[in-house]
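What you see below is based on every heavy atom in this structure, not just the backbone, and it leaves out hydrogens, waters and symmetry mates.
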Amino acid sequence: MHAHTYRHEAMATYFEIVVADQVGSYAQQAAAAAFRELDRLESELSRFVASSDIARANRLARGETLLIGEDAAQCLLVAIDVSLATVRAFDPAYASERASDEPADIPPFTLDLATHRLTSRAQRLHLDLGAVGKGYALDAMADVLREWEIGAACLNTGGSTVLALEAPPAEPGWPVGLGEGSAYRTFPLVNAALSGSGIAVKGAHLVDPRLGRPASRTRRVWSLAPVAAQADALSTAFFVMTDAETAAFCATHETVGAAFTTRSGELSVHGALRACLATAR
């Protein structure tokens with residue numbers, strides 16, 4: 001397979017685009033356009049950029065309202081949907097200081113999608129899109145590549161989330177891997193996203209929002225979803241959830257898959273990932 005690879009630093013990691021079946025100069029221009037979109041999104045979604053929508057939202061007092069852009073609104077919508085679906089195993093606002101009269105099972109803010117008005121319900125709002133924003137950026141970058149009429153491409157961020165578009169010529173998909181040790185498997189991924197979460201690199205940084213303390217899981221988990229933003233958020237949620245909770249979630253969400261290594265070292269696979277791993281090596 002003849003392919004061109006491009007890399008760009010953003011969001012405290014690197015992003016990579018691999019383009020197949022294209023002239024190098026054209027692929028490079030398309031990748032540059034995608035990276036410009038990535039930089040724009042970082043300026044709107046990062047809580048570390050003082051002028052971003054998220055940083056400005058975090059400066060709101062309780063009851064104050066802010067107009068946010070389309071991307072911040074849509075990224076927050078994905079985060080809210082995953083938070084509600086997983087019963088707060090994923091929560092982009094878990095570190096907020098909630099008001100005593102506000103229930104813990106609803107977001108400490110409201111978002112009016114029609115007007116893009118975000119209103120704080122917290123004593124101190126703390127939004128962090130780090131576990132969904134990178135996936136959202138991959139989806140947006142893929143849209144840019146499609147505008148350039150590039151079909152066969154694979155994007156990833158820091159090796160943690162992979163978004164595969166159309167398969168390269170004469171290939172079943174883009175080769176990706178999951179599992180650890182003897183349970184490691186590779187399989188072809190196409191028109192879907194795979195994300196992994198673990199603590200091997202950053203230590204015990206993943207917090208269970210429901211308990212307010214680091215998750216008890218130590219082994220890496222993976223999630224499969226139609227889009228990268230959803231896969232990114234779900235891998236964090238699955239790391240927090242128990243094995244039984246993760247399996248039950250996949251059983252009721254047919255487009256989602258999960259995998260994790262059991263204590264005995266075996267790979268436990270659920271949902272849509274089972275079909276993918278049927279061709280695993």
Note: R210-D91 ion pair, threshold 4.0 Å (strictly below)
no

Electrostatic pair D232-K134, nearest N-O below 4.0 angstrom:
no

Locate the shortest heavy-atom distance separating A229 from V132; write the atom from each residue and the value.
O-CG2, 3.6 Å

Could you please spell out the steps behind the salt bridge (Lys or Arg N to Asp or Glu O under 4.0 Å) verdict for D39 and R36?
CA-CA 5 Å; D39 289 338; R36 286 194 294 273; over 6 Å; no

Please check: side-chain N/O of T157 versus main-chain N/O of T161, any donor-acceptor pairing under 3.5 Å?
no

Where the side chain of R213 meets the backbone of D208, is there a donor-acceptor pair that is under 3.5 Å apart?
no

Which residue pairs pass the side-chain hydrogen bond (donor to acceptor under 3.5 Å, both in side chains) test when at least one of the two sits in residues 63-74, sequence neighbours left out?
R40-D71, T65-T119, E70-Q74, E70-H116, D71-Y136

Indicate yes or no: at least one non-hydrogen side-chain atom of Q230 is less than 4.5 angstrom from one of D139.
no

A33 versus W148, closest heavy-atom pair with distance:
CB-NE1, 3.6 Å

Using 4.0 Å as the upper bound for N to carboxylate O, is an ion pair formed by D143 and R146?
yes

Might you confirm whether atom CD of E266 has over 12 heavy atoms from other residues, nucleotides or ligands at distances under 6.0 Å?
no

Search all heavy atoms of V269 against all heavy atoms of R274 and return the closest pair with its distance.
O-NE, 3.2 Å

